[in-house]
Every structure is written in C-alpha cells, then in structure tokens.
Amino acid sequence: MYNSRISGLGFFVPDNVVTNDDLSKLMDTSDEWIQERTGIKERRHVIRGKDTTTSMGVKAAKKAIVRAGIDKDDIDFIIFATLSPDYYFPGPGVLVQRDLKIKTVGALDVRNQCSGFVYAISVADQYIKSGMYKNVLVIGSEIHSGGLDFTTRGRGISVIFGDGAGAAVLTREEDLKKGILSTHLHSEGQHAEELSLLAPGMGGRWVTDIIADNDPNDDSYYPIMNGQFVFKNAVVRFSEVIMEGLKKNNLEVKDIDMLIPHQANLRISQFIQNQFGLTDEHVYNNIMSYGNTTAASIPIALTEAWEQGKIKEGDLVVLAAFGSGFTWGSVIIRW
Ligand code: ACO
C-alpha cells in the first residue's frame, strides 16, 4: 500500500483577456453587476483556431511533468477531465497521449464538470495506492467561450465562464502520512437538469433534429443554470464534504493551511470561508482573473498558490468542488 502525492503542477491560460466591459459591448450587462454577483473582473477566451481544450491541457501538462522531475515516458496513465472536449468522441485523453508522444499507456476521460478534477485525482490516487501505477498525469481543461450565448439572452451564464487548463502529476509516496490522505466523492442526479446542456445528447435534442430544423433561434445547445438553486446547494455541499474529509483524518477546520475551492463564484467561496472562520491567507481565489473554468479551476488555482509560495511542505491542503450533476467532492492532502 502506498500514498500518492502531487509532484508537479502546471497551468496554461490563453493571452486573450476579456473584461466585463468587453462583454457589455455584446450584451446588456455591466462590470458592476458581474463583479457584485460573481466577483469576476475578467476571464480569458481562446483565439479560435489557436488553441483547443487538448492543446491547452498539453501545455499545462508539459510544465507539470518538468516540475515533477520525470520524463514523459515515466507516465503510466493519463486522466483528462473536461466538459468541452475537442471532439464529441474520442475524448481528449488519447489526444494527449498522441501529442505528448507518450508510449501506449491507458487514457481515461472524466466528464464530471466542475468536480471533474477532484474525481480525476481520486481515480489517480486509487491506482497509485494499489501499486498499479507510479506516475499518473491528471489534466483539467476547458474551452467555454466556443459554446456560450454572448447575447443578452445568455448573460446569466456567459459572463461567468472562462477558458484555461491545469495539470498535476501524481507520484507514488511511500510515507503514508504524506500526500493524498483521502478523497470523498458524491452525486445527486435528481438535480441533473438544474445545471446542464441538454442537446446535442441522445436523451435531449437529437442531432438529426437539430440539423433538420436548422433553427438559428434554437437555444437547446447552450448551457442552462438555475443559479440560485445551484448557489444554495453548493454552499451546503462544499462545507459538508470538507468536514467529511477532515473528520476522516481526525482533523479540524483550524488545521487547514490552504483551502482551494472550485472557482464557481467568489460569493460561494466567501460564504464557505466565513462559515469556517478562515482568513484570506487560508483560502485561495483567482476567479477574479479567470472566471469559472470548470474542471480547470482547481488545478489552475492550486498551481498559482504553489507558485506564489503559499503552499509549503507539511501544509494541510484541502481541495473541494461542487457542480453540475450535481456532483461534489474533496481531497485532503498533507503536502
Ligand atoms: N448582467 C446583468 N443582469 C443580469 C445578468 C448579467 N450578466 N444576468 C442576469 N441578469 C439579470 C436577470 O435577468 C434578472 O433580471 P430580472 O430581475 O429583471 O428578471 C436579474 O439580473 C437577477 O437574476 P438572477 O438570476 O436572479 O440573479 P442572481 O442574483 O441569482 O445572480 C448568479 C445570478 C450570479 C448566477 C447567482 O445565482 C449565483 O451566483 N448562482 C450560483 C451559481 C454559480 O455560481 N454558478 C457558477 C457555475 S456552476 C458551478 O461552477 C458550481
């Protein structure tokens, strides 16, 4: 039996900065409304044709591999979390294997949206704990900008999301007091449609119908969100799953050195921070600069926090996510 530890981290965001004022030129919104409700000041959008979900993931992965001090051929398995794959199928995991020119290791795609990275870390951790693999590459990457409605009709959602990628290498750790101590995963499919994209999917609108109708006003292929319902569920599940993880390891809130919440909305993060009585030094947020990047938000935030020296050896680091599904989870790490 082993533990796994995060041995390397990297992230990539496109250069193209889109401010709230830029969005105000496309739809009826304002910098004031967006900042007040979400905390977001700007986000990145890819330049079409320049980057894909996979290419951003590969750029983040290359940094993580170098920082892990391993060679790409030391990677035993690839896990890619995204809701915005380059192709409907195959998923981006195999494209990473191809583009990084890694030998024919297994590649798995996780499609758990906002909790995708936490789920992917949990899967990687199990493979390493069991002894099956030594180094697993985990990527979260998203291009939202290609699939949002940037007219006033879509303003409740399109102002929130941004593009970017983050990656981590998980490596075998022999000291069982170090690395990933536990992971905790949950779902409640009863609320599947509260935050969703219903078409094209064979249960929602059929691709053949969409083509036959050829209706420019068809909005069924844009995401939908019951914002207030998501908010209410998120704050409850975030705190529940963090407490579950702490309890499992006989730890308390005061033991947390760094909490990295999924960057859904600054108001959600602040709610959790206040509820737990944590200071700003103990919670890392960067949604102000990148918006909500779904499966990429935790690895981008974790990498930034680490790069800024805010995470040190021996720290207790907690990752927590909630999102579409609903799915949610936490990861408890002794760095
Ligand atoms: N600019 C200006 N006005 C807007 C915008 C916008 N971008 N979007 C919506 N509005 C308007 C609405 O049309 C509505 O107008 P009306 O009163 O005339 O009908 C008004 O603002 C209030 O709309 P609500 O949807 O009720 O606004 P709310 O206060 O709930 O804020 C928000 C919306 C920010 C989405 C909020 O519900 C929220 O934070 N929800 C949490 C969900 C979340 O953060 N999701 C992120 C992705 S999911 C995830 O990662 C977990």
- Salt bridge or not for Lys101 and Asp73, using N-O below 4.0 Å? no
- Message: Using side-chain heavy atoms (C-beta onward) and a distance below 4.5 Å, is Tyr284 in contact with Lys310?
- Response: yes
- Query: Has the side chain of Thr53 got a donor or acceptor atom that lies under 3.5 Å from a matching backbone atom of Ser84?
  - Reply: yes
- Just wondering, more than 12 heavy atoms not from Arg153 lying within 6.0 Å of its CZ? yes
- Query: At what distance, to the nearest 0.5 angstrom, does CD1 of Ile34 lie from CD1 of Ile160?
  - Reply: 9.0 Å
- Does a side-chain heavy-atom distance below 4.5 Å link His184 with Lys248? yes
- Message: Would you say Leu251 ends up clustered with Trp335 if hydrophobic residues are merged whenever their side chains have heavy atoms under 4.5 Å apart, either directly or through other cluster members?
- Response: no
- Message: Is it the case that atom NZ in Lys62 sees more than 12 heavy atoms from other parts of the structure closer than 6.0 Å?
- Response: no
- Query: Quick one: does Thr294's side chain get under 4.5 Å of His144's, heavy atoms only?
  - Reply: yes
- Note on the structure: CG of Leu195 to OG of Ser324, rounded to nearest 0.5 Å, is 4.5 Å
- Message: Using the rule that Ile, Leu, Val, Met, Phe, Trp and Tyr join whenever any side-chain heavy atoms are under 4.5 Å apart, tell me whether Leu185 and Val241 fall into a single cluster.
- Response: no
- Message: Are there over 12 heavy-atom neighbours, none belonging to Asp215, within less than 6.0 Å of that residue's CG?
- Response: yes
- Message: Measuring from atom CD1 of Ile180 to atom CG of Asp125, what distance do you get when rounded to the nearest 0.5 angstrom?
- Response: 4.5 Å
- Closest non-hydrogen atoms of Ala64 and Ala167, given as atom of the first, atom of the second and distance, are CB-O, 3.8 Å
- Query: Between Glu240 and Arg237, does at least one N-O distance fall below 4.0 Å, as a salt bridge requires?
  - Reply: yes
- Query: Is it true that His45 and Phe161 have ring centroids separated by less than 6.0 Å?
  - Reply: no
- Message: If the threshold is 4.0 Å, N to carboxylate O, is there a salt bridge linking Arg67 and Glu307?
- Response: yes
- Taking every heavy atom of Val169 against every heavy atom of Leu137, the minimum-distance pair comes out as CG2-CD1, 4.2 Å
- Does the Ser158 side chain pair with the main chain of Asp149, one donor and one acceptor, at a distance under 3.5 Å? yes
- Query: Is the number of heavy atoms from other residues, nucleotides or ligands within 6.0 Å of CG (Asp175) greater than 12?
  - Reply: yes
- Task: Evaluate the criterion salt bridge (Lys or Arg N to Asp or Glu O under 4.0 Å) for residue pair Asp51 and Lys59; output intermediate values, then yes/no.
- Result: CA-CA 10 Å; Asp51 261 307; Lys59 287 174 191 173; 3.1 Å; yes
- Query: If only atom types and distance count, is the side chain of Lys178 paired as donor or acceptor with the main-chain N or O of Arg5 below 3.5 Å?
  - Reply: no
- Inter-residue atom distance Gln113.CD - His262.NE2, 0.5 Å rounding: 10.5 Å
- Item | Parallel, tilted or perpendicular, as decided by the 30° and 60° cut-offs, for the rings of Trp328 and His186 | parallel
- Query: Considering residues, nucleotides and ligands other than Arg111, do more than 12 of their heavy atoms fall under 6.0 Å from its CZ?
  - Reply: no
- Using the benzene-type ring in the case of Trp, are the ring centres of Phe229 and His191 under 6.0 Å apart? yes
- Query: Quick one: do Asp74 and Lys134 make a salt bridge, cutoff under 4.0 Å?
  - Reply: no
- Just by distance, do the side chain of Thr52 and the backbone of Thr54 share a donor-acceptor pair under 3.5 Å? yes
- Pairwise distance CD1(Ile40) to CG(Asn265) - rounded to 0.5 angstrom: 7.0 Å
- Polar side-chain atom of Arg43 near backbone of Val159 as donor-acceptor pair, under 3.5 Å: yes
- Query: Should Ile311 and Ile333 be counted in the same cluster of Ile, Leu, Val, Met, Phe, Trp and Tyr side chains packed under 4.5 Å apart?
  - Reply: yes
- Note on the structure: Scanning both residues in full, the closest heavy-atom pair of Ala295 with Ala81 reads CB-O, 3.6 Å
- With respect to Arg44, which candidate in Asn16, Val13, Val18 satisfies the side chain to side chain contact (heavy atoms under 4.5 Å, CB included) definition? Val13
- Item | 4.5 Å side-chain heavy-atom contact, Leu26 and Thr151 | no
- Query: Is any side-chain heavy atom of Asp257 less than 4.5 Å from a side-chain heavy atom of Glu281?
  - Reply: no
- Closest heavy-atom pair, Ala124 versus Val138, reported as atoms and distance to 0.1 Å, is CB-CG2, 3.7 Å
- Item | Main-chain N/O of Glu193 paired with Ser196 side-chain donor or acceptor, under 3.5 Å | yes
- Query: In terms of hydrophobic clusters joined by side-chain contacts under 4.5 Å, are Ile298 and Trp306 together?
  - Reply: yes
- Query: For the hydrophobic clusters of this structure (ILVMFWY residues joined by side-chain heavy atoms under 4.5 Å, transitively), does one cluster hold both Val235 and Leu259?
  - Reply: yes
- If you round to the nearest 0.5 Å, how far is CD1 of Ile300 from OG of Ser289? 10.5 Å
- With a 4.5 Å heavy-atom cut-off, do Pro92 and Thr82 have their side chains touching? yes
- Taking atom NZ of Lys129 as the centre, report whether more than 12 heavy atoms of other residues, nucleotides or ligands fall under 6.0 Å from it. yes
- Message: Check whether Tyr2 forms a cation-pi arrangement with Arg172 (NZ or CZ under 6.0 Å from the six-membered ring centre, at most 45° off the ring normal).
- Response: yes
- Output yes when a side-chain donor or acceptor of Glu142 lies under 3.5 Å from a complementary backbone atom of Leu83, and no otherwise. yes
- Task: Using modelled atom types only, decide if a donor and an acceptor are shared between the side chain of Gln126 and the backbone of Ser122 within a distance under 3.5 Å.
- Result: yes
- Message: On a heavy-atom basis, which atom in Asn292 and which in Ile287 lie closest, and how many Å separate them?
- Response: N-CG1, 4.0 Å
- Item | Smallest separation among heavy atoms of Gly147 and Pro223, with atom names | O-CD, 3.5 Å
